[in-house]
Amino acid sequence: MTSGADPSSPSDDDDSVSGSLTAAERRHVVAQALPMLASYFAAGVDSLQSENAVASTSSEDPLDEIAWLVRLRVLLAAAEKIDPLVQQILRRSSFRYQRAADVSAGLIRGRLDTVKYLRSRHEISAPRTFPIIETRRRHDLPENTLATAAVVLLLNEIRRIPLERVPDNSIELRRVRQAATRLRRLLSHQTLSECLEHAEGVLRRREIRDLVATVQRRIEAGHIPNPEAYGAIAEWVEDFDIGGAASPGDLEWLFYDNRFDTRLFEVWALRLLASAISHRLGSPDTTRLLLERSSGPIATWRTAGYSVELWFQAGLGRLNVGGPSWEYVEVDSEEDPQSFGGIPDITVVVEDAAGVRTPVLIDPKLRQRASIPGSELYKILGYFGNLPASLPKRGAIVFHCPGQPRSYRLTSGSDLEAELLAIGVDPFDEMTGTQFELLAVLATELVPKSAIVRSRGPADPSNAESVEEWANECQRVAVAEMEASIDQDSLERATKNLRSNLLETWELLDQPTRRMLATAEHFGSSATQDMDHSGPLLGLAAGCERVLRLHAAAAGVLLDSKSTLGRLLRQYREACEVVPGREALPLNGVLRSAGVNLAEMRALIDEMFRLNKRYRIPAAHADVLEEDDWIRGRALILVGDRSLLTRLVRSLQSSGGPQQLA
């Protein structure tokens, strides 16, 4: 890896710069981390403030899941804005005078209605009553109805938020409850309470846009004495997105202030790492919102007997990788020792088919270093020392490095399974994505390449040729992995076993085919009942395919490097027809000259098609190929005189003997 400084000397505290993000970096990081960030809820000090709009950067983000979380923050910002606007209206609200008839008992309190009084002066009542006319202020005007509707609208939107999912001690829950209380208090004011019934009817009939237009016309005509305040409330209603969205456009949202930068950097790193792992393994099988991080991993990928878990702020004891090695107890205390744990910011746990769990510890640190971040790396080494000694030591530091992104790799000569990365990132640099891909490789390196290829799936699952190409790649990678992993002693024992069972068929095979079959046989027989048997079955199928390809090559059939088994089988089936097509004529001639029974060959090719469909392609698809499928597939290929391999070798050997196949 490269560096702008001497990596041989770990940096000391005096070469670090205290971590913080610029305003531009903060907006950029928030946008990139939105799907996770919106679901982060903090307790403690009240540090929420109004921020500029947020926007999603990817069409693949799970926006439906986090829409209500963004919506909650947008509504909080809206409540912060509407409260002072309505207060301005209430201080100088529009009204009209209305004359109303009333009765005053005992004394004349108000303007006497002379006409009514003269008509009723002979009536006797106790106490004496006097008809009067009162002039009252009425506030049920369009502009006040609009202000009332705005408050009701916001309050209704808040009620739709599933607040039961918001943590009890979170800042957001406290602020949303305060906002709802303020809004209800506004509605109790006489000016708004007079308009409440009308405003609710406007919202129910979805006529609020028409009401906005009416108010704007009254403002333009000079009929409203407080045009600034009422104009602002009309503009607010126009801009307010009633339906709600995860990307609120030009709206503001309420978010944590710059004191949250350290945690923001961690969530951003978590988001980019999750995306990089998904790029390698496909979409996660399960996900959690960050507000549910205490319940388990944030995301889990499962493929071919392996699982990859992504944890955020989980203590070492929760990872189920073995208890911490260190314990502590107060001196002279009689209490039992307690585990000395630790909480890495991010942990990736890889679990294999045998249930062995291996953690990769990752700490994002919002500090700038002139060289390698030694202090932070020593913290990861401290975590390593507290884990069970049998576990591989793998981890990374992500540090802030604006303008000069760089990375370091640390290894231990005494421990070949130990590896540390130090990745200096610049959120604006295009290299950042590549750096997190490197981090994803470190985190998932224990997952075999064959499992990763299988997890990606075919480019087009609905296209048979695309599925064939993907199965070919799965088979090629699985065979290569097994051949690279087998030791000579195991290979010799598996070879002896197959030779004693296949007899003359074995003698007709070339050495690479023998190695391929023996390797698959070893790993298939060594796998326990609950382990994945996909690789061994693909290896046996590859042996049959190689026999067919060697014959095709000897017959002069042109095959490119991407030619699939399905395409090869179709060529042979065409060559076995009574009247083959022009392209199959050369192969037909070779088969006839070798004395091959075309009818039997056609039946054999049909069985190869069934092998491909029933076992080979499912072995690529299957998360875990069960032992029973391996046994049946192996029997079809290897067991008895009617096995596919034996019949294929006998059918294809020419009158010249085994040389064409060996």
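Treat the numbers as computed from the prediction; the structure is a model and nothing was measured.
- For Tyr40, the ring pair (Phe, Tyr, Trp, His ring centres under 6.0 Å) partners two or more places apart in sequence, or in a different chain, are Phe260.
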Is there a side chain to side chain contact (heavy atoms under 4.5 Å, CB included) between Arg570 and Phe609? Walk through the geometry before answering. CA-CA 9 Å; Arg570 286 192 292 274; Phe609 269 114; 3.8 Å; yes

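- Ser450 pairs by the side-chain hydrogen bond (donor to acceptor under 3.5 Å, both in side chains) definition with Glu481, not counting sequence neighbours.
- Crowding of Arg499 atom CZ: a count of heavy atoms from other residues, nucleotides or ligands under 6.0 Å not exceeding 12.
- Remark: Pro512 engages Asp510, Arg546 in a side chain to side chain contact (heavy atoms under 4.5 Å, CB included) (not counting sequence neighbours).
- Residues Gly395 and Ile380 come closest through the heavy atom pair CA-CG2, 4.4 Å.
- Judged by distance alone, with hydrogens and angles left aside, the side-chain atoms of Tyr572 form no donor-acceptor pair with the main-chain N or O of Met601 at under 3.5 Å.
- Inter-residue side-chain proximity for Trp301 and Val447 is flagged as unmet; no heavy-atom pair is nearer than 4.5 Å.
- The ring pair (Phe, Tyr, Trp, His ring centres under 6.0 Å) test applied to Phe428 returns His28, not counting sequence neighbours.
- Sorted by first then second residue, the salt bridge (charged side-chain N to carboxylate O under 4.0 Å, His left out) pairs that include residues 432-450, not counting sequence neighbours, are Arg394-Glu445.
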Between Val398 and Leu439, is the side chain to side chain contact (heavy atoms under 4.5 Å, CB included) condition met? List the steps. CA-CA 9 Å; Val398 180; Leu439 195 57; 3.9 Å; yes

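- Taking the six-membered ring for Trp and the full ring otherwise, the centers of Phe436 and Trp268 sit less than 6.0 Å from each other.
- Separation of atoms CG (Leu310) and CZ (Arg271) is listed at 11.5 Å; rounding is to 0.5 Å.
- For the side chain to side chain contact (heavy atoms under 4.5 Å, CB included) with Leu361, the lone residue among Leu387, Ile346, Val348, Ile397 that qualifies is Leu387.
- By the side-chain hydrogen bond (donor to acceptor under 3.5 Å, both in side chains) test, Thr528 is found to be paired with Asp530, residues two or more places apart in sequence or in another chain being considered.
- Heavy atoms from other residues, nucleotides or ligands lying under 6.0 Å from CG of Asp641 number 12 at most.
- For Glu504, the side chain to side chain contact (heavy atoms under 4.5 Å, CB included) criterion is met by Arg650, not counting sequence neighbours.
- Taking 4.0 Å as the cut-off between side-chain N and carboxylate O, Arg614 and Asp629 count as a salt-bridged pair.
- Identified under the salt bridge (charged side-chain N to carboxylate O under 4.0 Å, His left out) test for residues 516-526, with sequence neighbours left out: Glu521-Arg634.
- For the pair Arg318 and Glu309, the salt-bridge criterion is not met [side-chain N within less than 4.0 Å of a carboxylate O].
- Every residue two or more places apart in sequence or in another chain was checked for a side-chain hydrogen bond (donor to acceptor under 3.5 Å, both in side chains) with Asp345, and none qualifies.
- Residues satisfying the ring pair (Phe, Tyr, Trp, His ring centres under 6.0 Å) test with Tyr615, not counting sequence neighbours, are none.
- Salt bridge status for Asp606 with Arg602: present, with a side-chain N to carboxylate O gap under 4.0 Å.
- Residues meeting the ring pair (Phe, Tyr, Trp, His ring centres under 6.0 Å) test with Trp311, sequence neighbours left out: none.
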Intermediate values then yes/no, side-chain hydrogen bond (donor to acceptor under 3.5 Å, both in side chains), Gln475 and Arg616: CA-CA 8 Å; Gln475 177 179 287; Arg616 179 174 172 270; 2.7 Å; yes

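- Residue Leu491 comes nearest to Ala518 through the heavy atom pair CD1-CB, 3.8 Å, listed as atom of the first residue, atom of the second, then distance.
- Among residues two or more places apart in sequence or in another chain, the side-chain hydrogen bond (donor to acceptor under 3.5 Å, both in side chains) test is passed with Arg647 by Glu607.
- Residues Pro458 and Glu469 form no side-chain contact, since every pair of their non-hydrogen atoms from C-beta on lies 4.5 Å or further apart.
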Which is it for Val477 and Arg454 under the side chain to side chain contact (heavy atoms under 4.5 Å, CB included) test, yes or no, and what are the steps along the way? CA-CA 10 Å; Val477 174; Arg454 287 168 61 189; over 6 Å; no

